[in-house]
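Working notes for the structure below.
What you see is a predicted model; the values in this text were computed from it and never measured. Numbered from 1 within each chain, the chains take letters A, B, ... in sequence-line order.
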There are 4 protein chains.
Amino acid sequence: MTPSRRAPDNARRNESTRQAILNAALELVSEVGYAKLSVEGIAARAGAGKQTIYRWWPSKGAVLFDALLALSGGQEGETGELPDTGDLEADLRAVLRATADELNDPRYSEPMRALTVEVLVDPDLAADYQQRLEEPVREMKRRRLRSAQDVGQLSPGVDLDVAVDMIWGPVRSRWLHRDGPLTEEYVDVVVRTALQGLRAPDIPEEALGDQGAGRVDSRGGDGG
Amino acid sequence: MTPSRRAPDNARRNESTRQAILNAALELVSEVGYAKLSVEGIAARAGAGKQTIYRWWPSKGAVLFDALLALSGGQEGETGELPDTGDLEADLRAVLRATADELNDPRYSEPMRALTVEVLVDPDLAADYQQRLEEPVREMKRRRLRSAQDVGQLSPGVDLDVAVDMIWGPVRSRWLHRDGPLTEEYVDVVVRTALQGLRAPDIPEEALGDQGAGRVDSRGGDGG
Amino acid sequence: MTPSRRAPDNARRNESTRQAILNAALELVSEVGYAKLSVEGIAARAGAGKQTIYRWWPSKGAVLFDALLALSGGQEGETGELPDTGDLEADLRAVLRATADELNDPRYSEPMRALTVEVLVDPDLAADYQQRLEEPVREMKRRRLRSAQDVGQLSPGVDLDVAVDMIWGPVRSRWLHRDGPLTEEYVDVVVRTALQGLRAPDIPEEALGDQGAGRVDSRGGDGG
Amino acid sequence: MTPSRRAPDNARRNESTRQAILNAALELVSEVGYAKLSVEGIAARAGAGKQTIYRWWPSKGAVLFDALLALSGGQEGETGELPDTGDLEADLRAVLRATADELNDPRYSEPMRALTVEVLVDPDLAADYQQRLEEPVREMKRRRLRSAQDVGQLSPGVDLDVAVDMIWGPVRSRWLHRDGPLTEEYVDVVVRTALQGLRAPDIPEEALGDQGAGRVDSRGGDGG
DNA sequence: GGTTAATCGAGACGGTACGTCTTGTCTTTGA
DNA sequence: TCAAAGACAAGACGTACCGTCTCGATTAACC
């Protein structure tokens, strides 16, 4: 895109100030929570002027978004791939356990929850989020499921977006709404159930390995 | 509970003022959105004093919660039951279609989204919400699923909370995050998949009745 | 005047806060000068909210005006009279010496200079100043001079506004522009010189040529 | 003066940019008034960088001062002389009528008022103004009055600075404070009245009591 | 039925943060 | 090698709401 007449000139941007602002945003959101996060506070903590923030970001949500992206090291377009060992269930289990670990770490989880909530509320931010994070990630998930269809581990008639919803939806939901703890057992059961259905007879215990019983205590104290 | 020294005396409460405040809150949240909803604005619209609001509600989220409860006509404890015709899949289909209809009506949906988001963010409100709405409803869902287990329509080993997550989670998630439209086809596929699993071979078309193909176009324009 | 719907209700005004604001304004204008005087600073020093200032005054100049009025103890309409011992020159000398004393006291002089300058620059404030201070004082001066005309100490043909300008103009000018020190000697000479000019009998009309009468309508519309 | 280490090298100065800046300052001060005049605005209008202004002028007041000097065509030191036809009153009348004409022209008057006010408020600018404009002009006025003393049109005992104040003070005051219109009649009356006072023979010393001599040292260090 | 205590509309108050504006300095870039 | 362009830290502007706090003026309950 040709830089428009009014758009700030990215080349002149002070990178160290940008870093200071993103760090300040992350620190403050951890310390005081998103509701009490303020542009003034970020600027003060970063030793920056407020105008410098307003020059480059449209809202505090956008600052936090960039801060989290930088934290995940995730470079813009770079999506990567989900693991594909040929065993869909095992791969999904690994992926979701890793996700659960991240979501159980408050340093990452609390800012992430704040951002997620802000995205629900700010349509401009939502568009950005959708384009730069949500859609690439969802496509990555679809690719892994398509590959599973190719090798007959997933019904060929299944809509891949529905499949993504069935597998990742419950975990995201439980995390976001704090419906219960995100344990390894929980994600394992979700993966297995999504793939086999609730109606299916229980898998014999011996087939489960050390993942424990098919029935887990999935509800309990939140701890938070 | 004995009324404490400080608690306001419910008996003296002016009911018409209460109604005016709840109505004003609903109107304003539709007109300007939750972010721009303010206690001052509600008071002005309702022709009430700010103190009158602060006397009876701890936050604007709490006002909105009461407003939505009143809107749903739902009286406090009264839970009701999910339909139980003996056919679990048909019953769930009916329930979720009705839910989808509600969530597709912006008059109900937008304030509801606002409240849901506020609950994610305000722990005090969350506790109230959990106790007065979330838990009773979840128990109602669990009861229906338990009944299905009793008649062998659901695997006996399944954790009922996980089951609730598998069935309602994807729909709630898709609605809240605006991942795609909440069509009848979508909820039907979710119900069927949750019960049968993604791995299962496609159900023969003739068995589906007029619900259409097993594969639906579940993604597309949001419509909202 | 009936209080208009939107005007703040003076009865509810917190008098001690008002005093604190006026004091803070006076202190700050002495300490940092008018240019660096800020509404924020006044509010902070007074322990008041900014809105409280904006509720009651339209500008920092207006605050300072009220502060100086309060300082002079001058109650709104109450004008008082200049001394009238029967000796115009002696009376004027006494009055101007007292004025010079005030203007030589920086505690009064510096805020006064700031206000005077602001009046030159802010038309809204100027109107207020004109009505509440300037005009009543000028009328008081005119009254004293009129009385001198009655007893033959001032030429009957002299325009009283010109006379006021001739007597007080040089002093005000020298003070405001810091053209030199305001000593007793200076004001004495100004009084004597002005009166020698003003005391003289009218020049015969025929000697004036076409410059018109000795008495001109020297006051009137400003013309913008 | 030898250019100090820090002073910009005048030889390298871009004259057309300097002109553009002075013109922009004059235009803007007419359009928006001094209060809303900003260095940014001048730079933008002149197509110059802000730094170019800050390099050559210490403040926006200094820019305006130079702009007005350039407008009056007045070259730095060049003072000129007041007319001297031998008739003091006629000469003063002519000079003050011309002054009044200038002050009645808003194109000149409004920037001039702005500058005058700024001089009252900015000591650095005041020093410059005093040295480059005020004092040379006052000396010019003194010269004319001294010449009048020599031919007996002005009392020999009169302090020339007081005389200048008596003649020009009321006009400057009336203009600056918008006390009334600056008509030909007004300036004529001021001149006549002032001269009648100043022309009079000195009052015998013994009549003055202890107020001291008729001639006072009315000028001197400001002390501030 | 009169007393009395709480609620009500209203809105001032001390605050915090907003998003904008300007200042004066520093940095990059293009001619 | 200079000047335009403009990013930057700083901080005031005037506005919007926050949640608390008086005010009188109704109510409503209890004597």
Side-chain angles (χ1 to χ4, degrees), chain A residues 6 8-18 20-21 36-44 46-56 58-60, chain B residues 7-14 16-18 20-21 36-44 46-56 58-60, chain C residues 6 8-14 16-18 20-21 35-44 46-56 58-60, chain D residues 8-9 12-14 17 36-44 46-60:
Chain A
R6 272 273 40 189
D9 181 354
N10 235 313
R12 296 189 163 216
R13 188 159 187 182
N14 183 333
E15 178 57 22
S16 71
T17 291
R18 182 174 162 272
I21 289 168
K36 294 199 164 184
L37 182 66
S38 68
V39 173
E40 296 216 333
I42 297 172
K50 286 202 293 174
Q51 199 56 248
T52 301
I53 295 181
Y54 283 112
R55 190 167 10 248
W56 301 107
S59 64
K60 66 176 179 174
Chain B
D9 181 355
N10 235 313
R12 295 190 166 222
R13 188 161 187 181
N14 182 333
S16 71
T17 291
R18 183 176 161 272
I21 289 168
K36 295 198 162 183
L37 182 66
S38 68
V39 173
E40 297 218 334
I42 297 171
K50 286 203 294 175
Q51 198 55 246
T52 303
I53 295 182
Y54 284 111
R55 189 165 13 244
W56 301 108
S59 65
K60 65 175 179 174
Chain C
R6 272 272 41 186
D9 183 353
N10 235 312
R12 293 185 168 224
R13 189 160 187 181
N14 183 332
S16 71
T17 292
R18 183 175 161 273
I21 289 168
K36 296 200 162 183
L37 182 67
S38 69
V39 174
E40 296 216 332
I42 297 172
K50 284 205 292 176
Q51 202 55 246
T52 302
I53 296 182
Y54 284 111
R55 185 157 26 239
W56 300 107
S59 64
K60 65 176 178 172
Chain D
D9 181 354
R12 295 185 172 232
R13 188 159 187 184
N14 182 331
T17 292
K36 295 198 162 183
L37 182 67
S38 68
V39 173
E40 299 219 332
I42 297 172
K50 286 202 298 176
Q51 198 54 244
T52 305
I53 295 181
Y54 282 112
R55 195 169 4 250
W56 299 106
W57 290 275
S59 66
K60 65 176 179 173

Notebook entry, point to check: In Å, rounded to the nearest 0.5 Å, how long is the span from NZ of Lys36(B) to OG of Ser38(B)?
Noted result: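 Atom-to-atom, Lys36(B):NZ and Ser38(B):OG are 11.0 Å apart.
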Checklist line | From Leu37(B) atom CG to Ile42(B) atom CD1, the distance as rounded to the nearest 0.5 Å | finding: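 One gets 4.0 Å once the value is rounded to the nearest 0.5 Å.
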Is the phosphate of [N], meaning OP1 or OP2, less than 4.0 Å from a side-chain N or O of [X]?
X        : N       : answer
Thr17(D) : dA3(F)  : no
Ser59(B) : dG19(F) : no
Trp56(C) : dC13(E) : yes
Arg55(D) : dA3(F)  : yes
Thr52(B) : dT7(E)  : no

Minimum-distance pair of heavy atoms, taken over all atoms of [X] and [Y]:
X        : Y        : answer
Ile53(C) : Ala43(C) : CD1-N, 3.8 Å
Lys60(C) : Ala35(C) : NZ-O, 4.0 Å
Ala20(C) : Ala46(C) : O-CB, 3.6 Å

Using atom [atom1] of [X] as one end and atom [atom2] of [N] as the other, report the distance to the nearest whole Å.
X        : N       : atom1 : atom2 : answer
Ile42(B) : dC18(F) : CD1   : P     : 8 Å
Ile53(B) : dA10(E) : CD1   : C1'   : 13 Å
Asn14(A) : dA10(F) : CG    : C1'   : 16 Å

Note to self: Do Thr52(B) and Arg55(B) have side chains that approach each other closer than 4.5 Å (heavy atoms only, starting at C-beta)?
What the structure shows: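 Contact flag for Thr52(B)/Arg55(B) side chains = yes.
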Next item on the list: Answer whether the closest heavy-atom distance between the side chains of Trp56(C) and Arg13(C) falls below 4.5 Å.
Entry: yes
Margin query: So if I define the base as every atom that isn't primed, P, OP1 or OP2, how would nucleotides 15-20 of chain E read as a B/S/- string at a heavy-atom cutoff under 4.0 Å?
Written below: B-BBBB
Next item on the list: Using a 4.0 Å cut-off on protein heavy atoms (strictly under), produce a 5'-to-3' string for nucleotides 26-31 of chain F with B for base contact, S for backbone-only sugar-phosphate contact, and - for none.
Entry: ---S--
